[in-house]
*Asks:* 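Take a look at this one; I'll ask things after.
Chain A is the first sequence line, chain B the second, and so forth, proteins listed ahead of strands; every chain is numbered from 1. Scope of the values below: all heavy atoms of this structure, side chains included, with no hydrogens, waters or symmetry mates. Please read these numbers as outputs of a predicted model, since none were measured by experiment.
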Amino acid sequence: MTSPRPVRTRFAPSPTGYMHIGGMRTAFFCWLWARHTGGTFILRIDDTDQQRNVSEALQPIFRAFQWLGLDWDEGAEKGGPYTPYYQSQRTGIYREAIDRLLAEGKAFKDFDQPDVVQQDRAEAEAAKRNYVNIRRSLELTPEKIAELEAAGTPYVVRLLVPRDQSVTIHDAVRGEVTWDCGTMPDPVLMRSNGTFLYNFASVVDDAAMEITHVIRAEEHLTNTCVQTLLFRALGCEPPVFAHIPFITSPGSTKKLSKRDLDKLRNVPALKKLFDRADEIGPKLGLGDSKTLSPVMVEYYEKMGYLPAGILNALARLGWSLDDKTEIMDLKMIVENFTLDRIVKSSAGFDGDKLQALQAHWMNVLPISDKVAGVKPYLDKVGWGATDERLAAMLAGIGDRLKIFSDILDYREFFSDDETLEFESKPLEKLRSQAGSREMVQALQSLLQDTKSWQATALDQLVHQWAEQQSHKIGQVVAPLRLGVTGRGSGIGLFDAMELIGQMSCLLRLSRLAEKLV
RNA sequence: GGCCCCAUCGUCUAGAGGCCUAGGACAUUGGAUUUUCAGUCCAAGAACUGGGGUUCGAAUCCCCAUGGGGUCACCA
């Protein structure tokens, strides 16, 4: 059931002040389908009912698209042949459509006030009967209607649901879905204050903008019946619908929601992401996991993820290429993305898998890009280094750097020798071992005399010395590492020493020796 | 509750009647390698919700049950 028209997809967010990761996945699928088919991707803003500052609430949304590199061909901030792309600016178009439906008898003015409707509904419920509108206003004579209107009686406009019909759609992911219209209330199209409802505005816009494929989350599946009726009433062919599965919290089938942060943070597959935000968020002036949580796209940008990693993970949530391929760059995803390979069941958002994909893309990133990526984090905490030094550092860090902000774990390369702290655990361990002070001092004098301060030479020097003294290398390395880096683990020790430099290493070792009295 | 959707390892998924003693990835566990960590390599454990059909043959088709989810607004 593909349309012969060139593909046009749209994503229509409301100005909520942040971009939800699940919404981003929906947007991504819309974008992918447009790009795969050489079609057009449209960003429309559903701000029909907005009190707040729309422009401000939109910024994080635009930003998320920009960061991920998902561009739109028409829409907000960009314009296009179907302008305006803000629903709040399209009321004239909706008004016109309403008038047409009214004139053609496909919609009606309902003068039943909310309390009456509510009572009808309650009665139906009490009688265990399905509620449908009683349509009293349909019985009104034109004179009576004119009278009511002249008196300023409020009314809503409802679609006159053809109760003898049924609606069948061929959903691109779910297949055939059918509804019986006989049990369906007449949906409100226009409120008594003259504003329009989402279901209506959305259909009018999709029709006007010649959208060919509506790709959206499964929660809208039920809306599709009304919307299809609306397309028909408007005399338009409905687009192809594709209802994609929810993104859920892993292990549950509940929608991933910003409201359940407290529950989410205890989900094992998500815990690390939350913890990381709590750990480094404050250092970077980003707040903590309450304000910057993994359900927001912003989290990933601020924490230093790569668009390639996020996009790869998003693509695998409810879609797969085949039985083996996991690692895919954007080009490959675009080339292979089809609607028929979208999965029907909900997809749990697994932070571990995301992390693994991210680690892969970080690992294949050229050093120069890593240098650039890491710099903003260093700037924020006031740590500095030349590009050259950073490059050497990052080469040494290698695949330990999973996200850019991980650079903050390597304070040994930025810290003053005088203030470098020694981790208490390895320090205590060393204290408990006899002769560790002597060992540190011996190492200090060994390192004092060497002229070639370079990783391979140091490696050789220390190994030879250890052998001479019949120490096991591990016994030597542990205190040395603690002395120069202040930590019990880290990058290759001799690489670290080269980076830190002879003077600093010696100074740090003597500070450690003092602590081992 | 009505209507609608969904149902394979802990998680993401492959699977469109025989290639399935169900494949891959993440995670987990064990081993190897390494000065630590990370990584890499090897290995292990781990699933078709249940019951009826249809068929020579069913994870795959049909029905029922069960479970989960969505939706029933003058929200989007």
*Asks:* Measure from the side chain of L197(A), starting at C-beta and using heavy atoms only, and say which of C6(B), C74(B), C3(B) lies closest.
*Replies:*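 Nearest to the side chain of L197(A) among the choices is C74(B).
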
*Asks:* So L493(A), base contact, sugar-phosphate only, or nothing? Heavy-atom distance under 4.0 Å.
*Replies:*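 Base, at least one base atom sits under 4.0 Å.
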
*Asks:* If only atom types and distance count, is the side chain of H20(A) paired as donor or acceptor with the main-chain N or O of G22(A) below 3.5 Å?
*Replies:*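 Present.
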
*Asks:* Tell me which nucleotide, if any, is Watson-Crick or G-U wobble paired with C48(B) when both distances must be under 3.5 Å.
*Replies:*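 Its partner is none (no Watson-Crick or G-U wobble pair with both distances under 3.5 Å).
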
*Asks:* Quick one: I342(A) CD1 to C6(B) C1', roughly how many Å, whole number?
*Replies:*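 It works out to 15 Å between those atoms.
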
*Asks:* Expressed as a whole number of Å, how far does the C1' atom of C19(B) sit from that of C26(B)?
*Replies:*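 To the nearest whole Å, 27 Å.
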
*Asks:* With a non-hydrogen cut-off below 4.0 angstrom, is L317(A) in contact with a base, only sugar-phosphate, or nothing?
*Replies:*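 Contact class for L317(A): sugar-phosphate only.
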
*Asks:* Taking any heavy-atom pair under 4.0 Å as a contact, classify V117(A): base, sugar-phosphate, or nothing.
*Replies:*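 V117(A): no heavy atom of the nucleic acid under 4.0 Å.
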
*Asks:* Distance between the P atoms of A47(B) and A59(B), in whole angstroms?
*Replies:*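 Rounded to whole Å, the distance is 15 Å.
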
*Asks:* Tell me what I397(A) touches on the nucleic acid: a base, only sugar-phosphate, or nothing, going by heavy atoms under 4.0 Å.
*Replies:*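 If one applies the 4.0 Å heavy-atom cut-off, I397(A) turns out to touch nothing in the nucleic acid.
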
*Asks:* Across the strands shown, which category fits G318(A) at heavy-atom distances under 4.0 angstrom: base, sugar-phosphate, nothing?
*Replies:*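 Result for G318(A) = sugar-phosphate.
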
*Asks:* Between A27(B) and U66(B), how far is it from one C1' atom to the other, in whole Å?
*Replies:*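 Each nucleotide's C1' atom is 29 Å from the other's.
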
*Asks:* Any strand is fair game: report the nucleotide pairing with A16(B) by Watson-Crick or G-U wobble, both distances under 3.5 Å, or none.
*Replies:*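 A16(B) is unpaired by these criteria.
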
*Asks:* Touch check for A269(A), heavy atoms < 4.0 angstrom, all strands: base, sugar-phosphate only, or nothing?
*Replies:*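 Nothing: the residue A269(A), judged by heavy atoms under 4.0 Å, touches no strand.
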
*Asks:* Please report the distance separating the P of G23(B) from the corresponding atom of G45(B), rounded so that it comes out in whole Å.
*Replies:*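 Those two atoms are separated by 11 Å.
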
*Asks:* If you look at every strand shown and take non-hydrogen atoms under 4.0 Å, does K128(A) touch a base, only sugar-phosphate, or nothing?
*Replies:*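 Nothing, no nucleic acid heavy atom in range.
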
*Asks:* What are the two closest heavy atoms between M497(A) and L458(A), and how far apart are they?
*Replies:*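 Closest heavy-atom pair between M497(A) and L458(A): CB-CD1, 3.9 Å.
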
*Asks:* Given the P atoms of A65(B) and G2(B), what is the spacing between them in whole Å?
*Replies:*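 Going atom to atom, P in each nucleotide, I get 12 Å.
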
*Asks:* Across the strands shown, which category fits N193(A) at heavy-atom distances under 4.0 angstrom: base, sugar-phosphate, nothing?
*Replies:*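 N193(A): no heavy atom of the nucleic acid under 4.0 Å.
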
*Asks:* Is the ring centre of H220(A) under 5.5 Å from the base ring centre of G70(B), and are the two planes under 30° apart, so that they stack?
*Replies:*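 Here H220(A) fails the 5.5 Å or the 30° condition.
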
*Asks:* Parallel, tilted or perpendicular, judged at 30° and 60°: which one describes the rings of F65(A) and F11(A)?
*Replies:*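 Ring orientation of F65(A) relative to F11(A): tilted.
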
*Asks:* So, is the end of the R44(A) side chain (NZ or CZ) under 6.0 Å from the ring centre of Y85(A) and within 45° of the ring's axis?
*Replies:*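 Not flagged: R44(A) not positioned over aromatic ring of Y85(A).
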
*Asks:* Contact class for G348(A) vs. all strands (heavy atom < 4.0 Å): base, sugar-phosphate, or nothing?
*Replies:*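 Sugar-phosphate: the residue G348(A), judged by heavy atoms under 4.0 Å, touches backbone atoms but no base.
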
*Asks:* Using atom P of each nucleotide, how far apart are C64(B) and C6(B) to the nearest Å?
*Replies:*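 To the nearest whole Å, 14 Å.
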
*Asks:* Suppose we define a pair by two distances each less than 3.5 Å, Watson-Crick or G-U wobble; what does U36(B) pair with here?
*Replies:*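 Its partner is none (no Watson-Crick or G-U wobble pair with both distances under 3.5 Å).
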
*Asks:* Describe the nucleic acid contact of D399(A) in one word from base, sugar-phosphate, nothing, applying a heavy-atom distance below 4.0 Å.
*Replies:*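 Base, at least one base atom sits under 4.0 Å.
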
*Asks:* Quick one: is K472(A) getting a side-chain N or O under 4.0 Å of the U35(B) phosphate, OP1 or OP2?
*Replies:*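 No.
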
*Asks:* How is F494(A) classified with respect to the nucleic acid when contacts are heavy atoms under 4.0 Å: base, sugar-phosphate, or nothing?
*Replies:*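 Base contact - F494(A) has a heavy atom under 4.0 Å of at least one base atom.
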
*Asks:* Within the modelled atom types, does a donor on one side and an acceptor on the other bring the side chain of E326(A) and the base of G24(B) under 3.5 Å apart?
*Replies:*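 Checked by distance alone, the answer is yes.
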
*Asks:* Whether R25(A) contacts C12(B) is assessed here as follows: a side-chain N or O lying under 4.0 Å from the phosphate OP1 or OP2. Is that the case?
*Replies:*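 Result: no.
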
*Asks:* Could you tell me whether K272(A) and D352(A) have a side-chain N and a carboxylate O separated by less than 4.0 Å?
*Replies:*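 Yes, K272(A) and D352(A) are salt-bridged.
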
*Asks:* Given C5(B), C26(B), U71(B), identify the nucleotide with an atom nearest to the side chain of A356(A).
*Replies:*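 Given the options C5(B), C26(B), U71(B), the side chain of A356(A) is closest to C26(B).
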
*Asks:* How far does the P atom of C12(B) sit from the matching atom of C48(B), given to the nearest Å?
*Replies:*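 Pairwise P distance, C12(B) against C48(B), rounds to 16 Å.
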
*Asks:* Any idea how F241(A) and F231(A) line up, ring-wise: parallel (<30°), tilted (30 to 60°), or perpendicular (>60°)?
*Replies:*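 Ring orientation, 0 to 90° scale: perpendicular.
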
*Asks:* Which of these nucleotides, A76(B), U13(B), C74(B), is closest to any side-chain atom of V188(A)?
*Replies:*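 Selected nucleotide: C74(B).
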
*Asks:* Does a distance-only test, which skips hydrogens and angles, find a donor-acceptor pair under 3.5 Å between the side chain of R400(A) and the base of C37(B)?
*Replies:*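 Result: at least one qualifying N/O pair found.
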
*Asks:* Report the nucleotide, chosen from C4(B), A14(B), A76(B), that has the shortest atom-to-atom distance to any side-chain atom of S14(A).
*Replies:*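 Nearest nucleotide to the side chain: A76(B).
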
*Asks:* Does OP1 or OP2 of G2(B) have a side-chain N or O of T183(A) closer than 4.0 Å?
*Replies:*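 No, no such contact exists.
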
*Asks:* Using the side-chain heavy atoms of R174(A), tell me which of these nucleotides is nearest: C5(B), G10(B), C4(B).
*Replies:*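 My answer, after comparing the listed nucleotides, is C5(B).
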
*Asks:* Quick check: on RNA chain B, is the nucleotide nearest S346(A) upstream (toward 5') of the one nearest S192(A), or the reverse? Name the residue that is more 5'.
*Replies:*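 By nearest-heavy-atom nucleotide position, the 5'-most residue is S346(A).
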
*Asks:* Taking only the side-chain nitrogens and oxygens of R316(A), find out if one of them lies under 4.0 Å from OP1 or OP2 of G24(B).
*Replies:*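 No, R316(A) has no side-chain N/O under 4.0 Å of OP1/OP2 on G24(B).
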
*Asks:* Find the partner of A22(B): check Watson-Crick (N1-N3 plus N6-O4 or O6-N4) and G-U wobble (N1-O2, O6-N3) distances, both under 3.5 Å, and reply none if neither fits.
*Replies:*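 Partner of A22(B): none found under 3.5 Å.
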
*Asks:* Would you say R129(A) places a side-chain N or O within less than 4.0 Å of OP1 or OP2 belonging to G2(B)?
*Replies:*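 Answer is no, no contact under 4.0 Å.
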
*Asks:* Just checking R216(A): base, sugar-phosphate only, or nothing, at a heavy-atom cut-off of under 4.0 Å?
*Replies:*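 Nothing, no nucleic acid heavy atom in range.
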
*Asks:* Provide the Watson-Crick or G-U wobble partner of G67(B), both distances under 3.5 Å; none if there is no partner.
*Replies:*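 Looking at the geometry, G67(B) pairs with C6(B).
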
*Asks:* Report yes if at least one side-chain N or O of T178(A) is closer than 4.0 Å to OP1 or OP2 of C4(B); otherwise report no.
*Replies:*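 No, because none of the side-chain N or O atoms of T178(A) sits under 4.0 Å from OP1 or OP2 of C4(B).
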
*Asks:* Pick base, sugar-phosphate or nothing for V156(A), based on heavy-atom distances below 4.0 Å to the nucleic acid.
*Replies:*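 The answer is base, as V156(A) lies within the cut-off (heavy atoms under 4.0 Å) of a base atom.
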
*Asks:* Pick the C1' atom in U8(B) and in C20(B), then give their distance to the nearest Å.
*Replies:*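 Comparing C1' positions in U8(B) and C20(B) gives a spacing of 12 Å.
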
*Asks:* Tell me whether the guanidinium CZ or amine NZ of K370(A) lies under 6.0 angstrom from the six-membered ring centre of F404(A) and within 45° of its axis.
*Replies:*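 Relative to the ring axis of F404(A), which defines the angle, K370(A) lies outside at least one limit.
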
*Asks:* Using Watson-Crick or G-U wobble geometry with both distances under 3.5 Å, which nucleotide pairs with C41(B)?
*Replies:*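 Checking every strand shown, C41(B) finds its partner in G31(B), with both distances under 3.5 Å.
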
*Asks:* R191(A) side chain: which of C26(B), G15(B), A76(B) is closest?
*Replies:*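 Minimum distance to the R191(A) side chain belongs to A76(B).
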
*Asks:* Hey, what's the ring geometry for F337(A) with W319(A), parallel, tilted or perpendicular (30° and 60° as the breaks)?
*Replies:*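 The arrangement is tilted - the two ring planes meet at 30° to 60°.
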
